[in-house]
Amino acid sequence: MIIYLGARTSNLDHEIGVLRSIITAIHISGNSLARNWVEPEFQRLEMRPKPRGKQDWAKICQENLASLEMADAGIFEVSDRSCFGVGYVAALMLQAGKSALFLVRPESQPDGSFAAGLEDPLITWAEYNNENVAEIVAKFMNSIEIGGRA
Amino acid sequence: MIVHFLGKTATIAQNADLYNRIKDVIRQGGHTIAYDFSDATYVEMGEGNLDKSDWALLCERDIDAVNRCEALIMDVSDKGVFGMGYMASMALLANKPVLLLIEQSARGGSFTCGLEHPQITRKIFNKGNIEVIISEFLEQCASEDVRG
């Protein structure tokens, strides 16, 4: 299967470890990413921290939406109320009838968020930490392969 | 027309004046606000932390408002959050006009700046031009609605 991975880029330096764990879990389960944006974006931030306003956001949006069409399911990091782009893509994915795993750190937003209130049978909601995120992702991948929920 | 207006719930208090001005323009134009998110949410937030069931109610209200509205206006200054992206997506899937408002001094660069769709209108605003921007958008929506 092809998996879309959505997360904020504004906090990438803090979340790179978790995103790498998610990607590894996807690959170990024999699946692939619709668009492997994490390492290139992390390298770009490390090497050339161009102001966010100077990036080609039209191109970024187009690439995101194109990769979404290819994907069979999505994994979204939605802690701290996440961001506009992740919400936008998640809605498109759910409207297309594709399953989505919403991952949230338990300490991130004690009073919840819009994502926490969404009720859709296609959504699997999971609180994660650095130790169990790979297991959660693997369980989700297995569940959608057999047509059920995690 | 029925119009839904959304901003960040986390900054409702500091944007109260701006949001009231936007709502006034909508009402003065003879339009109806689908659901006044700022008043209702602010009261609920003031009563304490929201839990998952509270957010389920807020989601239900917002999704219902987007389904009922004929135009959506969002303050996405400082990038916007998950819920706003979700609502914008739903409105555009239904081919409804969406106005994305970005405050002039807001930090630049985000998905909201790059999103392209024929029903999106993106405007940079300041305290001096917000009423004109809202009025022009609503007039355009109403005229296209009549033609359509």
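Letters A, B, ... are given to chains in the order of the sequence lines, protein chains preceding strands, and every chain is numbered from 1.
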Checking heavy-atom separations under 4.5 Å from chain A, one finds in residues 120-127 of chain B none
For this session: Could you give me the CA-CA distance, side-chain angles and deciding distance for A/Phe114 and B/Met87, then say whether side chain to side chain contact (heavy atoms under 4.5 Å, CB included) is met?
Result: CA-CA 10 Å; A/Phe114 186 93; B/Met87 294 294 109; 3.1 Å; yes
Residue set satisfying side chain to side chain donor-acceptor pair (under 3.5 Å) with B/Glu131, at least two apart, ordered chain then number -> B/Arg21
Student check: side-chain heavy atoms of [X] and [Y] closer than 4.5 Å:
{"X": "B/Glu60", "Y": "A/Glu119", "answer": "no"}
{"X": "B/Thr112", "Y": "A/Trp57", "answer": "no"}
{"X": "B/Phe82", "Y": "A/Leu118", "answer": "yes"}

Hey, what do you get for [atom1] ([X]) to [atom2] ([Y]), rounding to the nearest 0.5 Å?
{"X": "A/Leu65", "Y": "B/Ser89", "atom1": "CG", "atom2": "OG", "result": "8.5 Å"}
{"X": "A/Arg8", "Y": "B/Phe111", "atom1": "CZ", "atom2": "CZ", "result": "15.5 Å"}
{"X": "B/Ser110", "Y": "A/Ile60", "atom1": "OG", "atom2": "CD1", "result": "10.0 Å"}

Same cluster or not: [X] versus [Y], using hydrophobic residues (I, L, V, M, F, W, Y) connected whenever any side-chain heavy atoms lie under 4.5 Å apart?
{"X": "A/Trp125", "Y": "A/Phe76", "result": "yes"}
{"X": "B/Met74", "Y": "B/Ile63", "result": "yes"}
{"X": "A/Ile2", "Y": "A/Leu101", "result": "no"}
{"X": "A/Phe102", "Y": "A/Leu122", "result": "yes"}

Check your understanding: Does CD in A/Glu39 sit with more than 12 non-hydrogen atoms of other residues, nucleotides or ligands closer than 6.0 Å?
Key -> yes
Those residues at least two apart in sequence (or on a different chain) that pass side chain to side chain contact (heavy atoms under 4.5 Å, CB included) with A/Ala25 are A/Ala134, A/Val137
Among residues 84-92 of chain A, those lying within the under-4.5 Å heavy-atom range of chain B are A/Phe84, A/Gly85, A/Val86, A/Gly87, A/Tyr88, A/Val89, A/Ala90, A/Ala91, A/Leu92
Honestly, the part of B/Leu93 sitting under 4.5 Å from a heavy atom of chain A is side chain
